[in-house]
Protein chains: 2
Amino acid sequence: MIYIAGMDDHADQIRKPRADAVRNRERVLEAAKTVFNAGGPEASLEAVAKRAGVGIGTLYRHFPTREDLYEAVYRREVEQLSELAEHLRSAKDPVDALRRWLRSAVEFVATKKGMSAALALTFQSSSELAAFSMDRLTKAIGSLLDRAVAAGQMRADISPEDLLRALIGMCYMHDQPGWQSSVLRMLDVFVDGLCIQTAAKAKVRSAKPAKPSAKRIR
Amino acid sequence: MIYIAGMDDHADQIRKPRADAVRNRERVLEAAKTVFNAGGPEASLEAVAKRAGVGIGTLYRHFPTREDLYEAVYRREVEQLSELAEHLRSAKDPVDALRRWLRSAVEFVATKKGMSAALALTFQSSSELAAFSMDRLTKAIGSLLDRAVAAGQMRADISPEDLLRALIGMCYMHDQPGWQSSVLRMLDVFVDGLCIQTAAKAKVRSAKPAKPSAKRIR
DNA sequence: CGAAGATACGGAGGCGCCCTCCGCTTAACA
DNA sequence: TGTTAAGCGGAGGGCGCCTCCGTATCTTCG
């Protein structure tokens, strides 16, 4: 092996990543999100590259396999959802903040229509990804839930994990027709149920009623 | 348009399907089952054709799209599971028959490792398939359950749907490590719970205990 | 600022798979 | 046994995957 003078000196010195590389990576992710959501997970990677305005080689350097790309797109969206929770922490009404976040989460699932199969595959090969997202989402819910509890507006015996599990369970049926409005309705009922009952609860609900006969959690 | 004499006379007369066509179709299905289970759903259709010993054209005539093939393979296996229930109906011990069938179902899920993503995709585009398999499996469970109930060996307040749902729910975690033995254990406990308690229940259980501390349903 | 070197870019090209098409074969029927 | 519809096989055009390397661009350092 050849020894290069000064090698060790610079071994731990990290160079600032090139600006264009960072930019291109972001572009590809954005393009992939659009293309996959529209054309399903079978969509051509060349189409993604073209949409991102980069060469196919660039795409492959950043994401050596198709799964890598799926994973990165998904991870990014989970992070965005997590950041949304950060922002919502500064909202006035804690209960409303939680409600909004939950709705965004449902929307997130909805846009994943075509990707669900791909994600199932990816989750299988990388349980680290599953752990990461569970953790991130639990923390997001937790921060919103805690605030509502601290404000005395919600019962304290529900854990973030419980709520997340309920959310996922509800969304699990997301290939039935009309699932989305059904889930939104159930979430509203759920949040109502979480709330500590006061006179203020007579507040008007914005969601349109599904069926007049729909039972109300007491 | 040209009128062909006698066209109407034979319009409803159906010719017996050619023997080779039937044989080839079956061969392709068998090959597909093997190839997909081994190589995942991405496996090449040409490999399937080669393994089946037919030309690629033949494969495509029987199954115009990849999804058609997935669906047919899956359907066939559901049917086999259903037939197994038929056979088990003539077993001596109704409870044991049910237990055996449930185990076979778990095994069935286990062999679907690589296919689960593909199936998720197929289910999405063909909810008819989902309905078909739910129906078939419910009936299979029902026939076994009924017999056990009729024999006075099981409680009567559990519907086949409940049992199927429990089974599916348990298998839902089938990408965690060690899921299979866990599910088998839970099923045993479940069946025990279904049984009407008698002294005969002291019968030895064949499954090896997982943890000495495992709680028993009372 | 300019040179040097590291890093990233792009896309041509080889490869393998997808799927169609059509001339040949074979089974069913009379 | 002859007729004919049904089925068979696989060549071939096309497309997407992925690698490889000459070129371009960025960072660092003097």
Side-chain angles (χ1 to χ4, degrees), chain A residues 2 4-32 35-36 38-70 72 114 118 121-122, chain B residues 2 4-32 35-36 38-72 114 118 121:
Chain A
I2 297 166
I4 298 165
M7 194 166 74
D8 286 350
D9 302 337
H10 300 290
D12 55 349
Q13 177 186 342
I14 28 146
R15 215 186 163 98
K16 185 166 44 157
R18 281 178 55 158
D20 54 348
V22 174
R23 178 166 31 80
N24 279 334
R25 191 191 156 86
E26 194 59 21
R27 276 193 193 169
V28 169
L29 281 177
E30 194 61 37
V35 171
F36 286 145
E42 324 269 63
S44 126
L45 294 190
E46 261 144 25
V48 173
K50 184 174 279 180
R51 185 181 181 90
V54 305
I56 186 67
T58 299
L59 187 151
Y60 272 96
R61 198 167 334 92
H62 285 295
F63 309 100
T65 74
R66 184 177 273 265
E67 273 70 36
D68 287 334
L69 184 53
Y70 289 152
L121 207 86
T122 307
Chain B
I2 296 166
I4 297 165
M7 193 165 74
D8 286 350
D9 301 337
H10 301 290
D12 55 349
Q13 178 185 343
I14 26 145
R15 214 187 163 99
K16 183 163 54 152
R18 283 178 55 156
D20 53 350
V22 174
R23 178 166 31 81
N24 280 333
R25 191 191 156 86
E26 194 58 22
R27 276 192 192 170
V28 169
L29 281 177
E30 195 60 38
V35 171
F36 286 145
E42 325 268 62
S44 128
L45 294 190
E46 261 146 22
V48 173
K50 184 174 281 182
R51 186 183 181 90
V54 305
I56 186 68
T58 299
L59 187 152
Y60 272 95
R61 196 167 337 92
H62 285 294
F63 309 101
T65 75
R66 184 176 274 266
E67 272 69 37
D68 288 335
L69 185 52
Y70 288 152
E71 177 169 342
L121 207 85

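Just so it is clear: chains get the letters A, B, ... in the order the sequence lines come, proteins before strands, and each one is counted from 1. Since the structure is predicted, the reported quantities are computational estimates derived from the model, not experimental observations.
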Between B:Phe63 and B:Leu45, is the side-chain contact (heavy atoms from CB on, under 4.5 Å) condition met? List the steps. CA-CA 11 Å; B:Phe63 309 101; B:Leu45 294 190; over 6 Å; no
Let me see the working for A:Leu69 and A:Arg66 under side-chain contact (heavy atoms from CB on, under 4.5 Å), right down to the final yes or no. CA-CA 5 Å; A:Leu69 184 53; A:Arg66 184 177 273 265; 5.8 Å; no
Please determine whether side-chain contact (heavy atoms from CB on, under 4.5 Å) holds for the pair A:Thr58 and A:His62, giving the CA-CA distance in whole Å, both sets of side-chain angles, and the decisive distance to 0.1 Å. CA-CA 6 Å; A:Thr58 299; A:His62 285 295; 3.8 Å; yes
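When rounded to the nearest whole Å, the span between CZ of A:Phe63 and P of D:dC18 equals 15 Å. The interatomic distance linking A:Arg27 (CZ) with C:dC9 (P) rounds to 10 Å, in whole Å. Atom CG in A:Leu45 sits roughly 13 Å away from atom C1' in D:dC15 (whole-Å rounding). With rounding to whole Å, B:Leu59 atom CG is found 12 Å from C:dT20 atom P. When the P atom of C:dC18 is taken as reference, atom CG of B:Asp68 falls 15 Å away, rounded to whole Å. A straight line from NZ of B:Lys16 to C1' of C:dT26 spans 14 Å, rounded to a whole angstrom. Summarising the geometry, the separation between CD on A:Glu42 and C1' on D:dC15 is reported as 14 Å, rounded to the nearest angstrom. One atom, CZ of B:Arg61, and another, P of C:dC18, lie 17 Å apart when rounded to the nearest Å.
With hydrogens and angles ignored, a donor-acceptor pair closer than 3.5 Å exists between the side chain of B:Arg15 and the base of C:dA28.
At C:dA8, none of the side-chain N or O atoms of A:Asn24 fall inside 4.0 Å of OP1 or OP2 (strictly under the cut-off). Between B:His62 and D:dC8 there is a side-chain polar atom (N or O) within less than 4.0 angstrom of OP1 or OP2. Contact between the side-chain N/O atoms of A:Thr58 and the OP1/OP2 oxygens of C:dG10 is found at a separation under 4.0 Å.
Nearest to the side-chain atoms of B:Arg18 among the listed nucleotides D:dT19, D:dG9, C:dA28 stands C:dA28. Comparing atom distances between the B:Asp20 side chain and each of D:dC17, C:dA28, D:dG7 picks out D:dG7 as nearest. The side chain of A:Tyr60 sits closest to D:dC17 out of D:dC17, C:dC17, D:dG7. You'll find that the side chain of B:Ile56 is closest to D:dG10, out of D:dG10, D:dG9, D:dT27. Listed nucleotides D:dG16, C:dC29, D:dC8 differ in distance to A:Glu46; the shortest reach to its side chain belongs to D:dG16.
If you find the closest nucleotide of DNA chain D to A:Arg23 and to A:Ala47, the one lying nearer the 5' end belongs to A:Ala47. Heavy-atom nearest nucleotides on DNA chain C were determined for B:Ser44 and for B:Pro17, and the one closer to the 5' end corresponds to B:Ser44.
A donor-acceptor contact shorter than 3.5 Å is absent between the side chain of B:Asn24 and the backbone of B:Ala21.
At the heavy-atom level, B:Arg66 lies under 4.0 Å from the strands shown only through sugar-phosphate atoms.
For the residue pair A:Val48 and A:Val28, the shortest heavy atom distance occurs at CG1-O, 4.1 Å.
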